[in-house]
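Hydrogens, waters and symmetry mates play no part in the numbers below; they use all other heavy atoms, side chains included.
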Amino acid sequence: MRFPRPVRASTSELPGVPEQRLTAIDATRGAVMVIMALDHVRDFIHHGAMVASPTDLASTTPVLFMTRWITHLCAPAFMFLAGTSAYLWQRRSASTTMGLSRFLVVRGLVLIALELTVMRVAYDFDLTMRDPVLLIVLWVLGACMVALAALVWLPRTWLAAGSVAVIALHNLLDGIRAARLGAWAPAWILVHQVGAFPVGGLLVIVGYPLVPWVAVMALGYASGPAFDWPPGRRRTVLVTAGLAAVAAFVALRAVNGYGDPSPWQPQASGVLTALSFLDTTKYPPSLMFLLMTLGPLWLALAAFEGGVPRGMRFLVVFGRVPLFFFVAHFYLAHMAAVGLAWLRYGAATWTFAFHPVPSMGGPRELFPADFGFGLAGAYAVWFGVVLVLYPACRRLAVLKAERRYAWLSYL
């Protein structure tokens, strides 16, 4: 590939970072990335994550539950904004539909390759690749981009309507179980059911099936033209859509009928009952989960339409280098877990350091019973990870803006 010559760009409200994309999108993406880091740091650091789910009402606390719940916003935001960014890329580059399809296929395959290689090491710190293969965030982002490469040929109104239909109706498929499908079971797990299957002696664990995530990304792409509208009109539509989604979630969830395979139930206290109401299904994301998370996403985009407050402008930096931040924060979180374990257990750390932590499917018997720290410790490490990453992310954001090399667009 022949790369274009570097081009200097004008400065923006962030010194050294040019205004090439809508700041509201970058700030929103940056915010959900910082929130996402909290969840992944908790997976590596928090003792409770090694023994129980943070949303298990029998063992959780309101603070722990909400620490996990707020991070539910991240995956829908990534998927929706990835679709929107595909539209903006096409508009900015004046690319044909064929050019956009080619870009999406290449980018999608790169993300899948990173999931299978670079991220496997980040999860396990094991170069032997003997541990199960996790198909999670980068896998589903990449696979959905490949699917979107075909979907962008559809008329935009058809794509929008179809995306909404899949999001609304996919729970009708919950009764189809992979165990009944014989040789087709792996295909169904990849499409709509969380599960695992063997491939070449390795166990492949699918945490993010394609449906309905591909519909969320397609909806983001179909919504792209809204970001060409005047800001006032766009903000009105975003607020209306956000409030409508939240209202629909509350109304449908209260009925406790269709939309989530796990109905809420009255608990011993009002607080726990409220948590049960919010405890929707993420794997795969139910209609209730997506209404609960896409609504706040659209409201956040509307809030940033008026500008990013000075104290929050660092979010724009993170939002402009999403892939770099994603990969780097996993390595830093895992390194922090190993470093803290060394301080506590000394040389015994090497007996378990090169395995996934129990919260990510690692062998619990290899790890000390007291492995991990309290929730406050997880928050402290999260703050440290974000702080350490900021200078590198800022330098990369400036480089991306000033040197328009094709390979930099992938970071």
Side-chain angles (χ1 to χ4, degrees), residues 21-22 25-26 28-29 32-33 36 72-92 95 97 99-112 114-115 135-171 173 190-192 194 206-227 238 241-242 245 282-287 289-298 300-301 319 322-323 326 409-410:
R21 291 183 293 177
L22 293 169
I25 291 178
D26 288 327
T28 303
R29 183 187 287 116
V32 297
M33 287 169 57
M36 167 202 68
H72 283 338
L73 303 174
C74 301
F78 292 151
M79 300 302 293
F80 183 88
L81 294 178
T84 303
S85 296
Y87 168 83
L88 295 175
W89 180 90
Q90 183 181 25
R91 185 197 66 181
R92 185 174 60 251
S95 176
T97 302
L100 175 61
S101 290
R102 187 181 302 112
F103 172 79
L104 287 169
V105 168
V106 172
R107 188 173 181 83
L109 293 178
V110 167
L111 292 176
I112 294 172
L114 288 175
E115 183 78 274
L135 297 184
I136 45 181
V137 178
L138 291 190
W139 133 260
V140 76
L141 275 168
C144 287
M145 285 181 180
V146 173
L148 185 61
L151 294 175
V152 295
W153 292 89
L154 294 174
R156 202 175 304 278
T157 53
W158 293 15
L159 185 57
S163 300
V164 171
V166 170
I167 290 171
L169 301 176
H170 82 94
N171 283 118
L173 303 175
L190 289 170
V191 171
H192 193 259
V194 172
V206 181
Y208 285 76
L210 285 175
V211 175
W213 290 119
V214 66
V216 177
M217 183 180 288
L219 182 61
Y221 174 78
S223 304
F227 290 89
L238 285 169
K282 181 181 179 181
Y283 304 104
S286 66
L287 170 61
F289 179 91
L290 291 174
L291 289 174
M292 181 182 72
T293 52
L294 287 175
L297 167 64
W298 295 329
L301 284 168
L323 183 57
F326 183 89
S409 67
Y410 289 90

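- Scanning for side chain to side chain contact (heavy atoms under 4.5 Å, CB included) contacts around L73 gives I70, T293, P296, with sequence neighbours left out.
- At least one donor-acceptor pair under 3.5 Å links the side chain of E115 to the backbone N or O of L138.
- Between Y208 and W139, the ring centre distance reaches or exceeds 6.0 Å.
- Looking only at side-chain heavy atoms (C-beta outward), L81 and I25 come within less than 4.5 Å of each other.
- L210 and A143 get closest at one heavy-atom pair: CD2-CB, 3.4 Å.
- From M33, atom CE reaches atom CG of D26 across 10.0 Å, with rounding to the nearest 0.5 Å.
- Listed by chain and number, the residues in a side-chain hydrogen bond (donor to acceptor under 3.5 Å, both in side chains) with W158 amount to none (sequence neighbours excluded).
- Checked against side chain to side chain contact (heavy atoms under 4.5 Å, CB included), S286 has the following partners two or more places apart in sequence or in another chain: N171, D260, P261, T280, T281, M288, F289.
- For the residue pair I167 and A215, the shortest heavy atom distance occurs at CG1-CB, 3.9 Å.
- Put simply, CE on M36 and CZ on F78 are 4.5 Å apart, with the number rounded to the nearest 0.5 Å.
- Between M217 and M145, the shortest heavy-atom contact is SD-N, 3.7 Å.
- Closest non-hydrogen pair, V214 versus A147, comes out as CG2-CB, 3.7 Å.
- By the 4.5 Å heavy-atom criterion applied to side chains, L290 and P212 are counted as neighbours.
- Partners of A149 by side chain to side chain contact (heavy atoms under 4.5 Å, CB included), not counting sequence neighbours, listed by chain and number: S101, L104, V105.
- Atom CE of M79 sits about 12.5 Å away from atom CG of L297, to the nearest 0.5 Å.
- Ring geometry, F80 versus W298: the interplanar angle exceeds 60°, so the pair is classed perpendicular (tilted spans 30 to 60°).
- With Y221 as the aromatic partner, R156 meets the cation-pi criteria of under 6.0 angstrom to the ring centre and within 45 degrees of the ring axis.
- If you run side-chain contact (heavy atoms from CB on, under 4.5 Å) between L141 and each of L323, L111, I112, only L111 comes through.
- Atom CG of L109 sits about 11.0 Å away from atom CG of L114, to the nearest 0.5 Å.
- Side-chain atoms of P284 and V211, non-hydrogen and from C-beta on, never get closer than 4.5 Å to each other.
- Across A218 and L159, no two heavy atoms sit closer than the pair CB-CD1, 3.8 Å.
- Residues passing the side-chain hydrogen bond (donor to acceptor under 3.5 Å, both in side chains) test with H72, sequence neighbours excluded: none.
- A search for side chain to side chain contact (heavy atoms under 4.5 Å, CB included) contacts involving V164 returns L219, not counting sequence neighbours.
- The nearest pair of heavy atoms linking A86 to L100 is O-CD1, 3.6 Å.
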| said: Using the rule given for side chain to side chain contact (heavy atoms under 4.5 Å, CB included), can you reason through V191 versus L173, listing the C-alpha separation, both sets of side-chain angles and the distance that settles it, and then say yes or no? | reply: CA-CA 11 Å; V191 171; L173 303 175; over 6 Å; no

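- Between S95 and R102, the side chains place no donor N or O within less than 3.5 Å of an acceptor N or O (distance only, hydrogens not considered).
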